[in-house]
Amino acid sequence: MAVGFIAGFLGLGIVNYLVLWLQAVLSLSIQTSGYLLTAMMLGVVLTSYASTKLIARTGSYHRHPVASMVLFALTGLLCAAIDAGPVLATVFLLLYGVAGGLNSQALSLAARNAAGRDDIGAVQGTATMARQMGTALGTSFFAALVTSRLPAQPGPAVYADALHLVFLAIIPIALIGLALSLFLPDTELSRS
C-alpha cells in the first residue's frame with residue numbers, strides 16, 4: 001500500500017507540471033506538448049501490458065516496483081540536470097511512462113496475492129485508495145513547490161526554476177519508494 005501511495009504521488013501527481021514544463025520552459029506548442037505526453041502514455045500502457053504478461057509468465061512481481069522507482073528517480077534527475085529539447089523531452093517522458101507502467105499492475109497483483117480469498121475485494125479497494133490518495137497529495141505537494149517559487153508576474157525563467165525544484169523533489173520520494181519496494185516479499189503469485 002505504501003509503495004502504491006508513492007507510485008500515485010509520483011506517477012499522476014506530477015503530470016500537470018510536465019505540461020507546464022513542456023509549454024512554459026521548453027516553449028513547445030500545445031500540439032507538440034500533446035504529442036510528447038502521448039509518448040509518455042504509450043510508455044505507461046505498453047509497459048503495463050508487458051509487465052503483466054511477464055509477471056504471469058514468471059509468477060514474480062518483485063522487480064517491477066523496484067525498477068519503477070529507480071526510473072522515477074532517474075527521470076527526475078535527468079529533467080533537473082539537462083536542458084532538454086523536444087527529442088530529449090520525449091525520451092524523458094517515455095522513461096517516466098515506463099516507470100509508471102512497471103508498477104501499475106504489479107502492485108495490484110502483489111496486494112491481491114497477499115490477501116485471502118475472502119479479502120481480495122477489500123484489499124484491492126484499499127490498494128486503489130492508497131494510490132488515489134498519493135495522487136491527490138502529490139498534486140498538492142508539487143503545486144505548493146511550484147507556487148512557492150512563482151512571483152506575481154512569472155516568466156519562463158521562473159517556471160524553469162520552480163520546475164527544477166519539482167524534478168529534484170522526485171528523487172528523494174522515489175528513493176523512499178525504492179527502499180519500500182525492496183522490502184516487498186518476493187512471493188510467487190498464486191495460480192488459483
Side-chain angles (χ1 to χ4, degrees), residues 1-18 21 36-82 84 87-115 123-124 126-135 137-139 141-142 163 166-191:
M1 300 301 165
V3 177
F5 176 87
I6 291 175
F9 196 98
L10 293 174
L12 293 174
I14 196 165
V15 169
N16 297 325
Y17 308 102
L18 294 174
W21 176 60
L36 269 60
L37 289 173
T38 301
M40 181 184 74
M41 292 313 300
L42 280 174
V44 171
V45 171
L46 295 176
T47 305
S48 179
Y49 177 77
S51 175
T52 303
K53 292 295 185 188
L54 187 59
I55 291 168
R57 193 174 49 147
T58 65
S60 176
Y61 54 82
H62 187 261
R63 292 184 186 108
H64 300 263
V66 170
S68 171
M69 294 302 157
V70 168
L71 283 176
F72 275 138
L74 176 64
T75 306
L77 179 64
L78 290 171
C79 288
I82 298 173
V87 174
L88 275 180
T90 303
V91 171
F92 297 167
L93 292 173
L94 185 60
L95 283 175
Y96 208 81
V98 168
L102 281 171
N103 69 48
S104 64
Q105 293 301 314
L107 295 172
S108 290
L109 289 170
R112 287 194 309 265
N113 195 55
V123 167
Q124 181 62 45
T126 304
T128 301
M129 185 185 72
R131 185 180 291 266
Q132 290 174 341
M133 285 177 54
T135 298
L137 292 174
T139 302
F141 173 78
F142 292 120
L163 293 170
V166 167
F167 294 135
L168 288 177
I170 291 171
I171 299 166
I173 296 164
L175 292 177
I176 292 168
L178 174 61
L180 292 170
S181 296
L182 292 172
F183 287 104
L184 283 172
D186 195 12
T187 307
E188 187 171 336
L189 288 178
S190 172
R191 299 292 179 182

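- Contacts of M1 classified as side chain to side chain contact (heavy atoms under 4.5 Å, CB included), with partners at least two apart in sequence or in another chain: A111, V123, T126, A127, A130.
- Take F92 and apply the ring pair (Phe, Tyr, Trp, His ring centres under 6.0 Å) test, not counting sequence neighbours, and it matches no residue.
- With sequence neighbours left out, Q132 forms a side chain to side chain contact (heavy atoms under 4.5 Å, CB included) with T128.
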Using distance only, find each side-chain donor-acceptor pair of residues 37-49 under 3.5 Å and give its atom names and separation, not counting sequence neighbours.
from : atom 1 : to   : atom 2 : distance (Å)
T38  : OG1    : G34  : O      : 2.8
T47  : OG1    : G43  : O      : 2.7
S48  : OG     : S104 : OG     : 3.0

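- Smallest separation of non-hydrogen atoms from V3 and G177: CG2-O, 4.3 Å.
- Contact between W21 and C79 at its shortest, heavy atoms only, is CH2-SG, 4.1 Å.
- Across I55 and S60, no two heavy atoms sit closer than the pair CG1-O, 3.5 Å.
- Applying the side chain to side chain donor-acceptor pair (under 3.5 Å) test to every pair with at least one member in residues 61-74, sequence neighbours left out, gives these pairs: S51-H64, S68-N103.
- Contact record, F142 with A169: CE2-CB, 4.2 Å, taken as the closest heavy-atom pair.
- V166 places none of its side-chain heavy atoms less than 4.5 Å from the side chain of F141.
- In this structure, the side chains of P65 and L102 stay at 4.5 Å or more apart for every pair of heavy atoms.
- A search for ring pair (Phe, Tyr, Trp, His ring centres under 6.0 Å) contacts involving Y17 returns nothing, not counting sequence neighbours.
- Taking the side chain to side chain contact (heavy atoms under 4.5 Å, CB included) definition, one finds that I176 meets it with I6, L180, sequence neighbours left out.
- Taking both residues in full, the closest heavy atoms of Y96 and T75 are given as CD1-CG2, 3.4 Å, listed atom of the first, atom of the second, then distance.
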L12 vs T139, side-chain contact (heavy atoms from CB on, under 4.5 Å): CA-CA, chis, key distance, verdict: CA-CA 8 Å; L12 293 174; T139 302; over 6 Å; no
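- Under the side chain to side chain contact (heavy atoms under 4.5 Å, CB included) criterion, L77 pairs with I171, not counting sequence neighbours.
- Take F5 and apply the ring pair (Phe, Tyr, Trp, His ring centres under 6.0 Å) test, not counting sequence neighbours, and it matches no residue.
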